[in-house]
Enquirer: 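Take this structure, written in C-alpha cells, and hold onto it; I'll ask about it next.
What you see is a predicted model; the values in this text were computed from it and never measured.
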Amino acid sequence: MALSEHFDVTKHDDAPWEVIFVGTPNVAGHITPEGTGLRLHDSADNDLGLFGTLEHALTVLYGSD
C-alpha cells in the first residue's frame, strides 16, 4: 500500500510540513525536518518520533507500524 494514496504532504522551507488526509481538509499531522531525519507530530501535537524516511513517518501516522 502506498501511503501517498492516504496523505498529501505540503512541504514548507521555513515551517513544519502539513500532512492532510487525501480528499479532505483534515490535518493528520505535521513533519519537521530535524538533522538527518523527520520529526512527526500527530494532529493533537503528540510527538510520534524521529524517522529516517517520509514513508516510515507516514506509516506510523497511519497506524500500520
Side-chain angles (χ1 to χ4, degrees):
M1 163 179 51
L3 289 171
S4 57
E5 296 173 9
H6 298 281
F7 300 108
D8 282 326
V9 178
T10 303
K11 296 180 180 181
H12 303 281
D13 290 334
D14 57 350
W17 302 351
E18 195 168 55
V19 182
I20 305 290
F21 291 106
V22 167
T24 75
N26 301 330
V27 175
H30 293 90
I31 294 174
T32 306
E34 184 177 304
T36 59
L38 300 166
R39 175 74 54 192
L40 173 65
H41 288 88
D42 65 13
S43 61
D45 205 30
N46 296 308
D47 185 346
L48 300 180
L50 185 66
F51 302 94
T53 66
L54 180 59
E55 191 70 16
H56 188 193
L58 294 178
T59 299
V60 170
L61 188 60
Y62 188 71
S64 322
D65 192 42

Enquirer: Determine which pairs satisfy salt bridge (charged side-chain N to carboxylate O under 4.0 Å, His left out) with at least one residue from residues 22-35, sequence neighbours left out, and list them in order.
Expert: Glu34-Arg39
Enquirer: Return each pair, listed once, that meets salt bridge (charged side-chain N to carboxylate O under 4.0 Å, His left out) where at least one residue sits in residues 9-25; pairs must be two or more places apart or across chains.
Expert: none
Enquirer: Under 30°, 30 to 60°, or over 60°: which ring-plane class applies to His56 and Phe51, parallel, tilted or perpendicular?
Expert: perpendicular
Enquirer: Asn46: what forms a side-chain hydrogen bond (donor to acceptor under 3.5 Å, both in side chains) with it, not counting sequence neighbours?
Expert: Asp42
Enquirer: Quick one: closest heavy-atom pair of Phe7 and Val19, and the distance?
Expert: CD2-CG1, 3.6 Å
Enquirer: Could you grab the distance from atom CD1 of Ile31 to atom CG of Leu54, nearest 0.5 Å is fine?
Expert: 5.0 Å
Enquirer: Hey, what do you get for CG (Leu40) to CH2 (Trp17), rounding to the nearest 0.5 Å?
Expert: 11.5 Å
Enquirer: Residues sharing Val27's hydrophobic cluster, by side-chain heavy-atom contacts under 4.5 Å among ILVMFWY, directly or via others?
Expert: Ile20
Enquirer: Only counting residues at least two apart or in another chain, list the ones meeting side chain to side chain contact (heavy atoms under 4.5 Å, CB included) with Ala15.
Expert: His12
Enquirer: Got a second to check how far Thr59's OG1 is from His6's NE2, nearest 0.5 Å?
Expert: 10.0 Å
Enquirer: Would you give the length of the straight line joining atom CG of Leu50 to atom OG1 of Thr36, rounded to the nearest 0.5 angstrom?
Expert: 7.0 Å
